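See below for the structure under consideration.
A, B, ... follow the sequence lines: proteins, then strands. Residue 1 opens every chain. What you see is a predicted model; the values in this text were computed from it and never measured. Values below: every heavy atom of this structure, side chains too, minus hydrogens, waters and symmetry copies.
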Protein chains: 4
Amino acid sequence: MARPLSEEKRHSLLASALTAVATSGIAASTLSIAKKAGVAEGTLFTYFPTKDDLLNQLYLELKSDLVSHLTAGLMSDTDIMVQFHHLWTRYIDWGMSSPHKHEALRQLEVSHKITGATEQATHAMSHELQILVERGFETGVLRKQPVMFLWGVIQGIAGLVLQTAAGDMRKARECEDLGWETLWGAIASHQT
Amino acid sequence: MARPLSEEKRHSLLASALTAVATSGIAASTLSIAKKAGVAEGTLFTYFPTKDDLLNQLYLELKSDLVSHLTAGLMSDTDIMVQFHHLWTRYIDWGMSSPHKHEALRQLEVSHKITGATEQATHAMSHELQILVERGFETGVLRKQPVMFLWGVIQGIAGLVLQTAAGDMRKARECEDLGWETLWGAIASHQT
Amino acid sequence: MARPLSEEKRHSLLASALTAVATSGIAASTLSIAKKAGVAEGTLFTYFPTKDDLLNQLYLELKSDLVSHLTAGLMSDTDIMVQFHHLWTRYIDWGMSSPHKHEALRQLEVSHKITGATEQATHAMSHELQILVERGFETGVLRKQPVMFLWGVIQGIAGLVLQTAAGDMRKARECEDLGWETLWGAIASHQT
Amino acid sequence: MARPLSEEKRHSLLASALTAVATSGIAASTLSIAKKAGVAEGTLFTYFPTKDDLLNQLYLELKSDLVSHLTAGLMSDTDIMVQFHHLWTRYIDWGMSSPHKHEALRQLEVSHKITGATEQATHAMSHELQILVERGFETGVLRKQPVMFLWGVIQGIAGLVLQTAAGDMRKARECEDLGWETLWGAIASHQT
DNA sequence: CATGAATGAGCCTTCATTCAT
DNA sequence: TATGAATGAAGGCTCATTCAT
């Protein structure tokens, strides 16, 4: 009975938190977040018991959004390099089309507010990617390394490209290509 | 100007800010910084007119510290790859022996508080490195790319290694080697 | 008026308020009270239009509970001192067996939230006691004094005994006797 | 160096807290207290790290004020009853001339905010009274009982008198006498 | 110059009450 | 009637910065 929690408000709040965190870091105030979401400050706390909780949920949502964007259209039976190139393209695409998401993710990653449990939850999401990586190891295409390390390399170089491209949109294409060469050089095993 | 500003106090403050920022991010309070520096809160503001100013100075100092650590012992007439490997070793060494510095730098980089002017000032410091990179381009050893991009790759992979190694000190050596292979693969041109 | 207000829920709410107030004073939140009563927060306000109203009702109920406990088994034709001793025993009994009630009453008395009307209503309840007291004055057994004053003395000393006994249950009996001597000394006229 | 903590402001704050607590109970806001003290809200927290701390200090000050008022002019070599009567008179005098103090003390006593340490500290203050009481026991003038109990009786009856007198100032004198008879009856041993 | 008291805006969170369901 | 989401006003406390000493 009573009014049910509105999924719409929840999304408003997360969306508002997204831009707020991208703009002001985790110092963004709950009041500003609530206001931009068109909601009273108190309401924020009926959806997220704590500011930290909101940040964790936001982190989760961003990661999930990124992963699902990356894996969309991935064909698991094609050449591994092709698949990685697909991943790469999608990553840059994601970052270009929603720069706030990328920036907010960066802020959250550096913030010390993300709990171990949240981190765990993100791992569960990337099952498909994990398989791809493992196949890369087995076939000898990729240099053997911890999965998290590999993922970190991708993330790092993508971040770099996005940042570089942000300054000069016209070179975006060039930049993406450079990034791809860099990435593939970084992770492939180069056994001729 | 009876009593001049004491260089010692200035350093105390920067050192204190370093650990504070590494631990708590830029949210670290001026009070906590002053206290750990053994100085009154007001004093902090005679040395740095503003908290943001302190953060910028800290950033400058960290970058300069890093660059001078990297370039120490660099022999400009040896093989380029050897020089880069030296750089790499020194980077990891720096990060391992002073993890606070590395973490603080990360926090500052992400913080939106570093002004353009400060950023400019850091470029000036890396003259020697710039020359090395350019020689890399000319000789065709390195893939042609913006210097800042290259620098970002180094930084990103080094950060990744430090983070990975932090969790498991025993694998530090392994990790460093993996990092080097990754880095060299990322930046070298691979012309057979 | 399809469904009438349920007397059961009303009691749940008052019972819950009782322990909440005893524990946390009148600062106890309506949410906590409603929850412990197994009822939605909004429901509380259909039974009591206001938190202050709830507190007043609780006060009334506690006073009435106390008075009826005191007067139960009172034989109006025995010796006055015996009747007072009966009262005293019953008071201590009440306080010992339901310490929450006693504590809650204290909190409410001190709270400035009890209205004059509520206070009036309690007077009406103690008719039987009033008669006893007046007989005490007429026969010269009790020192002449305002009824409210006398009642205050009883309450004060009983409270003291309960508080003292709370710390050391083993001495409860001793404590009760001491209290009785104190009380009787305080109110009897001592005409030898 | 620097501006020293001003004893005057400290007193302003305690005085303001006194009336605020007397009027609104411990729910009195720190803002209202600071304002009435003519001081910024933040300032309150440089003098008292916590609201609870302020309340404890206030309690201490009130107790100390009361005790020193009671013992002033006490002649330890006169008759015990006379000394107690002196105490009684002083107590009523204190309560009459500063009703806020009395009310605030009541609020604090009931509040659950006074720590054990604070309570301890108050015991230390009443050394002189303790001696008087013990002499009362030794000489058989007082009924043997725990000191705290005796003190509670005095406090309780005094409170009652003050409350009763508050309603009808003209009867204050009468009321005080009645209180004294009640008190002495309550604590004296009545051995003829 | 060094100190730390003073300031008041701002922060996160709680709360009594209202109202849509 | 019962529910609990929605509200926005406080509440206690922290903080960067100023300024008297």
Is there side-chain contact between D:T50 and D:F45, with heavy atoms separated by less than 4.5 Å?
no
Please state how far atom CG in D:L13 lies from atom C1' in E:dA5, giving the value in whole angstrom units.
13 Å
Toward the 5' end of DNA chain F, by each residue's nearest nucleotide, C:G38 or A:V39
C:G38
Atom NZ of A:K113 and atom P of E:dC11: how far apart are they, to the nearest Å?
14 Å
Does C:S98 reach the main-chain N or O of C:H100 with its side chain, forming a donor-acceptor pair under 3.5 Å?
no
Rounded to the nearest angstrom, tell me the gap between atom NZ in D:K35 and atom P in F:dG12.
13 Å
CG of D:L44 versus C1' of E:dG8: gap in Å, rounded?
13 Å
Would you tell me whether A:T118 and A:T115 have side-chain atoms, one donor and one acceptor, within less than 3.5 Å of each other?
yes
Should C:Y47 be listed as having a side-chain N or O under 4.0 Å from OP1 or OP2 of F:dT1?
no
Mind checking whether C:H11 and C:E61 have side chains closer than 4.5 Å, heavy atoms only?
yes
Whole Å only: how far is the CG atom of D:L5 from the P atom of E:dT3?
17 Å
Per-nucleotide protein contact string for nucleotides 15-21 of chain F (B base, S sugar-phosphate only, - none; heavy atom under 4.0 Å)
SBBBBSB
To the nearest angstrom, the CD-P distance between C:E8 and F:dT1 comes to 17 Å
Residue met sooner reading DNA chain E from 5', once B:A40 and D:S6 are mapped to nucleotides:
B:A40
Within the structure, does a side-chain N or O atom of C:T46 lie under 4.0 Å from either OP1 or OP2 of F:dA2?
yes
For the pair made of CG in C:D53 and P in E:dA16, what is the distance, rounded to whole Å?
14 Å
Return the value, rounded to whole Å, for the distance between atom CD of A:E7 and atom P of F:dA6.
12 Å
Do A:L66 and A:K101 have side-chain heavy atoms sitting under 4.5 Å apart?
no
With a 4.0 Å limit, can you tell me whether B:K9 has a side-chain N or O closer than that to the phosphate oxygens OP1/OP2 of E:dA2?
yes
Ranges pairing with ranges for DNA chain F, where each run has three or more Watson-Crick or G-U pairs under 3.5 Å
E:2-21 with F:2-21
Any idea which of E:dA6, F:dG8, F:dA6 is nearest the D:T43 side chain?
E:dA6
What I want to check is whether the side chains of C:E119 and C:Y59 have a donor and an acceptor closer together than 3.5 Å.
yes
For A:T19 and A:K36, test the side chains for any donor-to-acceptor distance below 3.5 angstrom and give the result as yes or no.
yes
Distance only, no hydrogens: is a donor on one side chain within 3.5 Å (strictly under) of an acceptor on the other, for D:Q107 and D:E103?
yes
Salt bridge (Lys or Arg N to Asp or Glu O under 4.0 Å) for D:K63 and D:E109? Distances and angles first, verdict last.
CA-CA 11 Å; D:K63 278 271 182 171; D:E109 257 153 9; 3.8 Å; yes
